[in-house]
Each structure stands twice: as structure tokens, then as C-alpha cells.
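Okay, structure first, notes after.
So that the names make sense, note that chain A is the first sequence line, chain B the second, and so on, each numbered from 1. Computed from heavy atoms alone, side chains included, the values below leave out hydrogens, waters and symmetry copies. Fair warning: this is a prediction, and the values are worked out from it, not measured in the lab.
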Amino acid sequence: MNLFSDIRASVMEALETMTSMGELPEGLPTDDVTVEPPRDSAHGDMATNAALVFAKRARSRPRDIAEILAGHLVGDPRIESAEVAGPGFLNIRLADGIWSGLVDAVSNSGNYGRSDMGAGKRINVEYVSANPTGPLHVGHGRGAVFGDALASLLEFVGYDVTREYYINDGGAQVDVLARSAFERYREACGLAPEIADGMYPGSYLMFVGEALVELYGETLLDQPEETWLGDVRDFATDRMMDMIREDLGTLGVGMDVFFSEKSLYGSGRIDSALSSLSERGLIYEGVLDPPKGKMPDDWEPRRQTLFRSTGHGDDMDRPVRKSDGSWTYFASDIAYHFDKISRGYDTLINVFGADHGGYVKRMKAVVSALSDSNVPLDIKLIQLVRLYRNGAPFKMSKRKGNFVTLRDVVDRVGPDVTRLVMLMRRNDAALDFDLDRVLEQSRDNPVFYIQYAHARVRSVLRRAGELGIPTDQPSRIEDAAELAVARKIAEWPRLVETAARSHEPHRVAFYLRELASEFHALWNRGNEFPGLRFVQEGDIATSAGKIALPKAVGIVISSGLGILGVTPAEHMH
RNA sequence: GGCCCCGUAGCUCAGCUGGAUAGAGCGACCGCCUCCUAAGCGGUAGGUCACAGGUUCGAAUCCUGUCGGGGUCGCCA
């Protein structure tokens with residue numbers, strides 16, 4: 001049920017007829033032909049740019065083509081009129097019954113807006129992937145919410161989605177974690193911890209130290225580091241991942257796969273990924289040019305094993321081995337993405353923090369090389385979250401102990417507010433998050449605004465239930481405000497597909513606010529014109545014709561909020 | 001200096017991958033509850049879409065350059 005694609009199909013059919021009748025030349029590309037809502041609804045219900053797209057290739061005037069097209073379209077019973085306007089737009093007005101038909105279809109279906117656009121293709125969405133060395137911070141939370149909503153959105157349009165987290169448990173930072181946890185272990189044994197510079201000072205490691213005492217007693221105290229480092233590291237990273245899973249859980253974010261970087265080492269998987277690149281002639285021994293412009297003080301030329309990423313769009317080649325011969329982090333990333341490709345995904349999406357912007361080109365180069373350009377990789381960069389308290393920037397410092405974790409924020413404002421506020425901004429724009437203002441129950445808080453609309457719907461439906469008004473009867477759309485709501489409902493499938501195609505879940509959030517706005521407007525017209533109220537006391541027949549519209553609004557809001565992971569409220573208090 | 005992102009109303013931001021007279025919220029001003037929830041609604045005011053070129057029927061949107069803000073730049077992950 002997608003009114004715009006239905007009418008577009010009708011337009012395409014008319015264009016084919018024109019071609020076969022010699023009114024248009026053969027073989028014109030139709031990809032750019034759109035059928036969309038006009039900016040001004042006074043222009044009609046839909047507008048197509050077909051004549052403008054074809055004018056040049058057909059060597060005729062756009063308005064002339066539009067005129068002929070209009071003649072073919074009026075044969076469609078769903079189309080009441082088609083008028084040429086402006087430079088050659090064709091404004092289409094739909095027949096009266098179309099809108100009530102749409103509303104009835106929506107209010108009686110459970111899956112309005114879903115589509116088979118994805119055709120069951122498999123997409124891997126990797127997000128969060130924070131180091132397992134501490135609690136998630138607010139920036140991780142934004143990536144988590146974005147990735148989760150994007151995954152839901154893609155599922156909604158028919159993709160087979162895997163939500164994945166890459167655990168960076170293979171580098172030096174987890175050794176530092178182990179040493180930091182060991183100091184907390186000593187502390188739990190009654191000794192003074194010595195937390196050196198560069199260690200993780202957070203008190204969240206104290207429970208790890210205590211758990212180590214339960215496991216080992218005091219037996220580790222006199223042992224040299226090499227005897228305990230591996231065990232303590234594994235134990236501590238497991239505990240950190242437990243904590244991160246809990247943090248994500250408070251936001252309602254869950255993963256299908258947790259992929260361990262460490263699992264790549266010693267398994268030969270890095271070697272096989274690199275030999276795959278080697279077979280393509282993309283691995284060589286060489287010396288990189290120094291960085292252009294600003295020269296680092298300690299730069300000196302070194303011979304390294306390099307990946308020829310410039311062959312796939314990168315600015316310079318990238319080292320896969322450190323000078324001591326061990327793998328760079330990039331090498332394990334290559335192996336990880338080789339693994340993803342070999343698992344058969346049609347598309348990969350990585351959600352990174354903006355500070356990883358420098359890795360975009362090389363990762364795309366790797367995936368392009370390893371998949372012979374068959375698997376597209378889209379990397380979504382998530383910009384900073386700046387925390388505010390009452391309009392003033394909130395400075396955080398781990399040392400001063402006023403560090404605000406994701407958990408702190410969710411505990412304070414709740415998962416629904418956290419999620420929607422983060423989704424009301426494009427991923428590539430910085431986000432100001434004011435811990436006090438997001439809780440104000442005012443009009444500028446989209447969470448309350450949208451949930452209020454849904455609560456009003458539920459209130460009406462409850463009232464209808466009490467009065468015995470059936471909610472499955474044909475609707476009657478008469479007033480302009482009712483029509484405006486129906487039009488907005490009609491846009492939903494199209495909006496969902498656009499948002500999914502561009503990997504931009506924020507569009508769903510903005511759409512829901514617009515739909516809520518139209519609904520609130522209609523609701524308030526019921527103050528001025530009681531005949532517009534959905535429930536007409538004492539007149540079941542009239543009420544039955546009005547109840548489908550709010551019901552349809554409720555269905556769209558609730559499925560939209562479902563994509564965003566926000567609870568649709570039954571009541572407002 | 002190289003690369004990436006951003007620049008739209010006083011403020012915070014949308015703008016449906018190039019469409020018609022650029023939109024919303026906040027702030028300001030004026031209105032609307034004996035009425036399904038006023039946490040809502042209607043109206044007024046506010047713009048050289050950073051700047052300059054280019055591409056074409058048509059540009060906030062695409063290309064080039066300039067200015068301003070942020071991020072990032074070989075043996076960290």
C-alpha cells in the first residue's frame with residue numbers, strides 16, 4: 001500500500017503508451033521521473049516532473065509533453081484531474097474516495113509502511129564497538145542508538161540485518177586494563193593500589209579486583225606479571241563486556257554477534273586475509289612518504305609491509321605490520337572485514353565515531369579490494385555529543401570524577417528521551433544534549449510531543465470502545481484538516497524507503513513530529529467545530545466513520561516509534 | 001599543509017539524493033478551554049541558504065575556488 005508508487009506506476013504506464021504512439025522517442029531513461037507531494041498542497045495531491053525530465057531528449061517543450069501526459073492519465077479512475085503548472089510540472093488531483101480508501105487500508109492492516117525493498121538481502125551493521133576497558137560514554141550511546149535504529153529501519157523494509165559489535169580485545173589497551181585491574185585486586189587484598197599514569201583509574205574496576213580475590217585468593221600477589229597477565233586480562237575484558245552489554249541493555253540495544261578481535265590472532269585468519277590481498281598484487285614492502293605539510297618531530301623513513309590502498313581510492317598506502325614485525329590494528333581490521341565478506345553479506349555498514357574519519361578511505365579500499373567491488377561498505381560517522389546542564393556546557397574530566405557515563409544519562413532522563421533526542425539530529429552534525437532541558441515537558445521536546453499525539457489516539461480509541469463504536473468501518477474524509485492528516489499518512493511508505501536507502505533514521509523522527517503536528521491541528525479544530533471530533537456522543541454511525549483516521553495515525557506513530565526504539569505512550573501524566 | 005564533515009530566520013535545526021513562492025520548534029507579540037487530555041492549536045514578525053564563479057529548462061542541494069568552525073594525519077586501538 002503505497003499511494004505514491006501506485007500513481008507513479010500509472011504515470012509510467014502512460015509514458016509507455018505515449019512512446020508506443022510515437023508521442024515520445026524510444027528508450028528514454030525514466031529513473032529521474034518522480035511522483036511526490038507538491039510543496040503546496042493547493043497544487044494538488046501529487047506532482048510529477050516527467051515532462052521536464054524528458055523535454056530535452058524528446059526535443060519538445062515540457063508543457064506540451066505534460067499536456068499529452070495529462071490526457072492519458074485522466075483515464076485512470078483514481079485520478080480526477082491533471083493540470084500543467086509552472087515550467088512543466090503535472091499536478092495530479094486524486095479522486096474523492098482515494099483518501100478514505102487509504103485510511104481504511106491502513107487502519108485495518110498490521111504492516112503499513114513495510115516493504116520488500118530489501119528483498120531479503122543481507123546487511124551487516126556494525127556499531128558501538130567500544131574498547132572493553134570501561135563503561136560506555138554518551139558518544140558511544142549515540143552510535144548505539146543510531147546503529148540500532150538504522151538496523152530496525154532496514155529490517156522494516158525487508159533486509160535481513162545482523163547487528164554486530166567488534167570487541168577490540170587484541171591490543172595493548174587490554175593489557176593496560178589487566179594491570180589496572182590487578183592494582184584493584186591488590187587494593188581488595190588490603191594493599192595500596194599504585195595506579196600509574198596511563199592506567200585506567202576508574203572505580204568501576206574495583207568490583208573486578210574483588211572478584212579476582214574470590215577467584216584466586218591472595219595467590220597472585222607475589223607472582224610476576226607474566227604468570228597472571230593473560231588470565232587477568234581475559235577475566236577483566238569479560239567483565240567489561242558484561243558491563244557494556246548492560247549499558248546497552250538500558251537503552252534497549254541488543255546485538256546479534258559479538259566478534260572478538262583476539263579470535264583472529266593465532267588462527268591464521270590475518271595471514272589468509274593478507275594473502276588474499278597479496279594475490280591481487282596489493283601487498284608490498286616499501287617506505288611511505290612523510291606526511292605532507294606538518295612534519296612530525298620523530299619521523300624517519302622505515303621499510304614496512306604496506307597495503308596498496310591507493311589502488312582503491314585512498315590517499316596513501318597503509319602499513320599492516322609495525323616495525324617490530326607484529327601486526328598493526330589495521331591488519332586485524334582487514335581480517336575482520338574479510339571475515340564479514342566471507343560470511344556472505346550483500347552490504348556492510350560501519351557506524352564509527354567522527355574521530356575515526358581518517359579510516360574511512362582505507363576501510364572502503366580494503367572491502368573493495370577483498371570483494372572485487374561486489375560488497376558496498378557505507379561508513380556512517382557519528383559526530384560529537386556535547387553535554388550541557390541548564391544551557392551551560394558541562395565539562396567532563398575523568399580525574400575530577402565528574403565524568404558522565406551513558407548509564408548516568410539514561411538513569412537520569414530515561415531510554416525514550418535519550419534515544420529520540422539523539423535521533424532528532426543528522427548523524428553528521430554535532431549534538432548538544434542538555435540534561436536538564438530534555439526533561440522539560442514542553443513543546444520543544446519532541447518525545448512528549450509525539451507521545452502525546454499517540455496518547456490522544458489511544459484515549460479516543462478507549463472512549464470509542466466504551467461507547468461501542470466499531471473501529472473497522474469505512475472512513476469519511478471531508479474536512480481539510482482531515483485530508484492533511486491522510487496525506488501525511490500516505491507519505492509514510494515513501495519516507496521509510498528514502499530513509500532506509502540513505503541510511504538516515506533521523507528522517508523517521510522528523511516525519512513523526514510532522515504527523516503528530518497535523519494530528520494535533522485536527523484535534524484542536526474539534527474545539528472550534530465539534531463536528532470534527534472523532535467521537536460524536538450519541539451518534540455511533542457518524543463516529544464509526546471518523547474513528548479510522550486516528551486509528552491509522554496511531555498505527556503509523558507506533559510503528560515509527562518502534563523503528564526508533566521509543567515506547568508509544570498510552571497515557572500522559 | 002593533505003584528507004573528511006559542517007556553515008540555512010535572533011537561537012536550535014529540517015529540507016524527501018536537482019524542482020514551483022526555502023520550512024518547523026524555541027524566543028517575541030496577538031488570540032483559542034461550560035468542548036474526545038490546552039504537555040495542545042491558530043495568527044503576526046523574522047532569510048543575500050557563508051562568499052564568488054561554473055554546470056542547465058531549474059541549484060540551499062552537483063562541480064571549482066575562497067573565508068569561517070570542528071575532526072584527523074606512519075610503528076594507538
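Side-chain atoms of R426(A) and base atoms of C13(B) include no donor and acceptor less than 3.5 Å apart. Side-chain N/O atoms of N49(A) and base N/O atoms of A20(B) include no donor-acceptor pair closer than 3.5 Å.
Closest to the side chain of D355(A), out of C6(B), C4(B), U72(B), is U72(B). Ranking C3(B), A24(B), C16(B) by closeness to the R494(A) side chain, first place goes to C16(B).
Side-chain contact check for T305(A) and E285(A): at least one donor-acceptor pair (N or O, by modelled atom type) lies under 3.5 Å.
By the side-chain contact (heavy atoms from CB on, under 4.5 Å) test, S260(A) is found to be paired with D169(A), K262(A), S263(A), residues two or more places apart in sequence or in another chain being considered. Listed by chain and number, the residues in a side-chain contact (heavy atoms from CB on, under 4.5 Å) with M117(A) are S115(A), V157(A), Y159(A), E497(A), A500(A), R501(A) (sequence neighbours excluded). Partners of P135(A) according to the side-chain contact (heavy atoms from CB on, under 4.5 Å) rule, which considers only residues two or more places apart in sequence or in another chain, are Y204(A), M243(A), D247(A), T405(A). In this structure F54(A) satisfies the ring-ring contact (aromatic ring centres under 6.0 Å, His included) test with no other residue, sequence neighbours excluded. Remark: F330(A) engages no residue in a ring-ring contact (aromatic ring centres under 6.0 Å, His included) (not counting sequence neighbours). Take D6(A) and apply the side-chain hydrogen bond (donor to acceptor under 3.5 Å, both in side chains) test, not counting sequence neighbours, and it matches no residue.
Note: CD (E514(A)) to C1' (G23(B)) measures 9 Å, nearest angstrom.
Heavy atoms of N91(A) sit under 4.0 angstrom from at least one base atom. Residue contacts shown for E261(A) are limited to sugar-phosphate atoms, with no base heavy atom under 4.0 Å away.
Residue pairs meeting the salt bridge (charged side-chain N to carboxylate O under 4.0 Å, His left out) criterion with at least one partner in residues 58-68 of chain A, sequence neighbours excluded, are R61(A)-D64(A). For residues 529-541 of chain A, the pairs satisfying salt bridge (charged side-chain N to carboxylate O under 4.0 Å, His left out) are R463(A)-E537(A), with sequence neighbours left out.
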Practice problem: Starting at the 5' end of nucleotides 54-62 of chain B, put B wherever the base has a protein heavy atom under 4.0 Å, S where only the sugar-phosphate does, and a dash everywhere else. | Solution: --SB-----
Quiz prompt | Bracket notation of RNA chain B in which parentheses pair within the strand, [ ] cross earlier pairs, and | pairs with another strand (Watson-Crick or G-U, under 3.5 Å) | solution = (((((((..((((.....[...)))).(((((.......))))).....(((((..]....))))))))))))....
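Taking a 4.0 Å limit (strictly below) on heavy-atom distances, residues 515-524 of chain A reaches RNA chain B at H520(A), A521(A), W523(A), N524(A). Residues from residues 451-462 of chain A with heavy atoms under 4.0 angstrom of RNA chain B, sorted by number: Y452(A), A455(A), R456(A), S459(A).
Seen from the ring of Y284(A), R308(A) counts as a face-on cation partner, given the 6.0 Å and 45° thresholds.
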